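Since we're looking at a predicted model, the values are computed, not measured. Just so we're on the same page: letters track the sequence lines, and every chain starts at 1.
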2 protein chains.
Amino acid sequence: MENPKENPNPESTAGGVPKAVISRLSLYLRELEHLERTDKATTSSSQLGSVLGFSDAQVRKDLAYFGQFGYPGIGYRCSELIGAIRHILGTDRTWTCCLVGVGNLGRALLGYKGFHQRGFRVVAAFDVEHDKVGSSIEGVDVYHLDRLPELASENTITLGVIAVPAPAAQAVADRLVEAGIEGILNFAPTTITLPDGVSHVGVDLAMELEQLCFAVLNSRDKTND
Amino acid sequence: MENPKENPNPESTAGGVPKAVISRLSLYLRELEHLERTDKATTSSSQLGSVLGFSDAQVRKDLAYFGQFGYPGIGYRCSELIGAIRHILGTDRTWTCCLVGVGNLGRALLGYKGFHQRGFRVVAAFDVEHDKVGSSIEGVDVYHLDRLPELASENTITLGVIAVPAPAAQAVADRLVEAGIEGILNFAPTTITLPDGVSHVGVDLAMELEQLCFAVLNSRDKTND
DNA sequence: TAGATTGTTAATCGATTAACAATC
DNA sequence: TAGATTGTTAATCGATTAACAATC
């Protein structure tokens, strides 16, 4: 046991990818798409890293979790790496989504072009207020929340976006789960509890500002050292 | 050198707090505020952790970076810990903010009650479109971006929120920096470059959905093991 | 007192960095 | 060829977990 052997099971990588790697993958993708739009055919780990504030080693290591995408001496072909990262993230297919909560934020999300551009199709919006139900926002029909199960199975909706007030969020989450949704993006500023097998990402806008406050205070301290 | 001494400089903690600790602190705070609203006077590291999916040890360790806030045998008094975390994050004071970009998302942000509730005061909004300039949204006046320097110094605006299209984001960031802003919350789906001393948090809504996709795909794999 | 829970240390685990042979 | 850059290994660094004496 003093002299450990090499891992005898080389293809066992799949499950053990750090979560931080996946966020960076999204950043690499965004940057690569930007490079491609500005007609750069290739890039390198050091170029990609320096724009985003990571080391070249980190970029290569992150990609190495999933395979070999580069050319020694050359770097990475943007279009190829874009395709590879999209495939890894799963955004090389179309995802069918619904939105619950057509308030200020919900309406803004429906108007957000970025979702459609990246292959997310919002096929229905839901609310419980009768003056909203029946309307159409940015081409998306607004239904009463009671019709969620029906529309979810008709359209095989996979992802749900929650944009309701915090007190309603858990009940909405439960109904999305009941309707067979596999993933929830939660904008309500509250913790929601979900069964295993349902994925979850939470975005709390006020929390992001809090993080910024802390960063500002720390930066002040560092400057007046 | 074989037998290293204990750290001779015990109070050198300040700078070295992992970034992940700060996000968890925000989550603890949100949960504590929820507990307080539901009339729980005290909680414990294991209770706090289990709701949020962390271990009790992690909760205690995170708090230990900043001091001692609990009572052995009792736990934490919610109101005290809320005060302590707010002080750590810097949200025990009022932060003066401005918003640039009064599109769908910008308007939604102006209507978002959570900011004001947590001590963020949005004192001005800016845009370059003449039909928007001069209007007032949710009680916040919309000015032409050219008036940013003037209004920033009059109101000592500390934080700026960017909600403009990606191609305009860097130029807006530069003008915010020029106007003396100390922190930027960027909702534009692009990387912005800032000088040292200006803090930065980026939120890319499409990226969050990408993260969710990956989680859903992985969860499927795990289920069909 | 017995039970609960903290703060803190030491042990474990995981992630990042540095270095370099292989490749174009 | 010389220069650039990859993929990968080993070394370093940092963060999480487990354990427990101290405390209420």
Side-chain angles (χ1 to χ4, degrees), chain A residues 1-8 10-25 27-28 32 35 40-50 52-78 80-81 84-85, chain B residues 1 3-8 10-25 27-28 32 35 40-50 52-78 80-81 84-85 88:
Chain A
M1 286 301 171
E2 288 292 302
N3 187 1
K5 307 259 177 61
E6 269 110 30
N7 182 348
E11 72 276 303
S12 66
T13 338
V17 181
K19 221 183 143 215
V21 172
I22 311 303
S23 344
R24 287 196 296 267
L25 237 41
L27 288 168
Y28 301 154
L32 286 161
L35 287 168
K40 312 282 188 298
T42 65
T43 186
S44 66
S45 56
S46 60
Q47 181 178 120
L48 214 40
S50 79
L52 296 166
F54 307 125
S55 70
D56 57 336
Q58 176 132 81
V59 174
R60 293 197 300 278
K61 194 89 212 295
D62 285 347
L63 296 172
Y65 279 100
F66 303 98
Q68 304 185 168
F69 308 104
Y71 303 90
I74 310 283
Y76 302 90
R77 300 203 210 293
C78 294
E80 273 181 32
L81 192 50
I85 296 181
Chain B
M1 287 299 173
N3 189 0
K5 305 259 178 60
E6 267 110 29
N7 182 349
E11 73 276 304
S12 66
T13 340
V17 180
K19 220 183 142 216
V21 172
I22 311 304
S23 346
R24 286 195 296 266
L25 236 43
L27 287 169
Y28 302 155
L32 285 161
L35 287 167
K40 313 283 188 299
T42 65
T43 186
S44 66
S45 57
S46 59
Q47 181 177 118
L48 214 40
S50 79
L52 297 165
F54 307 126
S55 71
D56 57 335
Q58 175 132 80
V59 174
R60 295 197 299 278
K61 195 87 213 294
D62 285 347
L63 296 173
Y65 279 100
F66 304 98
Q68 304 185 171
F69 309 103
Y71 303 89
I74 308 285
Y76 303 91
R77 300 204 210 291
C78 294
E80 274 180 31
L81 192 50
I85 296 181
I88 294 162

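- Residues B:V21 and B:F66 form a side-chain contact, since some pair of their non-hydrogen atoms from C-beta on lies under 4.5 Å apart.
- In the set C:dT8, C:dT6, C:dT17, the nucleotide with an atom closest to the side chain of A:K61 is C:dT17.
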Could you check B:D56 against B:L48 for side chain to side chain contact (heavy atoms under 4.5 Å, CB included), going step by step and ending with a plain yes or no? CA-CA 8 Å; B:D56 57 335; B:L48 214 40; over 6 Å; no

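- At whole-Å resolution of the value, CZ in B:F69 and C1' in C:dG7 are 12 Å apart.
- Taking atom CG of B:D56 as the reference point, atom P of D:dT16 lies 14 Å away to the nearest angstrom.
- Going from atom CG of A:L81 over to atom OG1 of A:T42 covers 11.5 Å, rounded to the nearest 0.5 Å.
- For A:S55, the side-chain contact (heavy atoms from CB on, under 4.5 Å) partners two or more places apart in sequence, or in a different chain, are A:A57, A:Q58.
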Report the secondary structure of DNA chain C in dot-bracket form, marking unpaired bases with a dot and bases paired to a different strand with |, and treating Watson-Crick or G-U pairs with both distances under 3.5 Å as paired. ..||||||||||||||||||||||

Got a list of protein N/O to nucleotides 11-15 of chain D N/O distances below 3.5 Å?
none

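- Atom-to-atom, CD of A:Q47 to C1' of D:dT6 comes out at 15 Å; the value is rounded to the nearest Å.
- Residue A:R60 has its side chain nearest to C:dA19 when only C:dA19, C:dG7, C:dT17 are considered.
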Decide side chain to side chain contact (heavy atoms under 4.5 Å, CB included) for A:Y65 and A:L25; before the verdict, give the C-alpha distance in whole Å, the side-chain angles of both, and the deciding distance to 0.1 Å. CA-CA 11 Å; A:Y65 279 100; A:L25 237 41; over 6 Å; no

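- Side-chain proximity of A:Y76 to the nucleotides D:dT6, C:dA18, C:dT6 is greatest for D:dT6.
- At the heavy-atom level, B:F54 lies nowhere under 4.0 Å from the strands shown.
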Any N/O pairs under 3.5 Å between the protein and nucleotides 22-24 of chain D? List them or say none.
residue, atom, partner, partner atom, Å
D:dC24, O4', B:P72, O, 3.2

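- Atom OG in A:S45 sits 9.5 Å away from atom OH in A:Y28 (nearest 0.5 Å).
- If you measure from atom CG of B:L48 to atom P of C:dG7, you get 12 Å, rounded to the nearest angstrom.
- One distance of note links SG of B:C78 with CG of B:L32; it measures 5.5 Å at 0.5 Å rounding.
- Residues B:F54 and B:L27 are in side-chain contact: their nearest non-hydrogen atoms beyond the backbone lie under 4.5 Å apart.
- Using a 4.5 Å cut-off on side-chain heavy atoms (C-beta onward), A:V59 and A:R24 make no contact.
- Residue-level contact check: B:S46 touches neither bases nor backbone, having no heavy atom under 4.0 Å from any strand.
- The salt bridge (Lys or Arg N to Asp or Glu O under 4.0 Å) contacts involving residues 66-75 of chain A comprise nothing, where partners must be two or more places apart or lie in separate chains.
- When the C1' atom of C:dT5 is taken as reference, atom CG of B:L81 falls 14 Å away, rounded to whole Å.
- For B:S45, a side-chain nitrogen or oxygen approaches OP1 or OP2 of C:dT6 to under 4.0 Å.
- For A:Q68 and D:dT8, the shortest distance from a side-chain N or O to OP1 or OP2 is below 4.0 Å.
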Just do the side chain to side chain contact (heavy atoms under 4.5 Å, CB included) check on A:Y76 and A:L63 with the steps written out, would you? CA-CA 11 Å; A:Y76 302 90; A:L63 296 172; 3.7 Å; yes

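- Listed by first and then second residue, the salt bridge (Lys or Arg N to Asp or Glu O under 4.0 Å) pairs that reach into residues 66-77 of chain A are A:R77-A:E80, sequence neighbours excluded.
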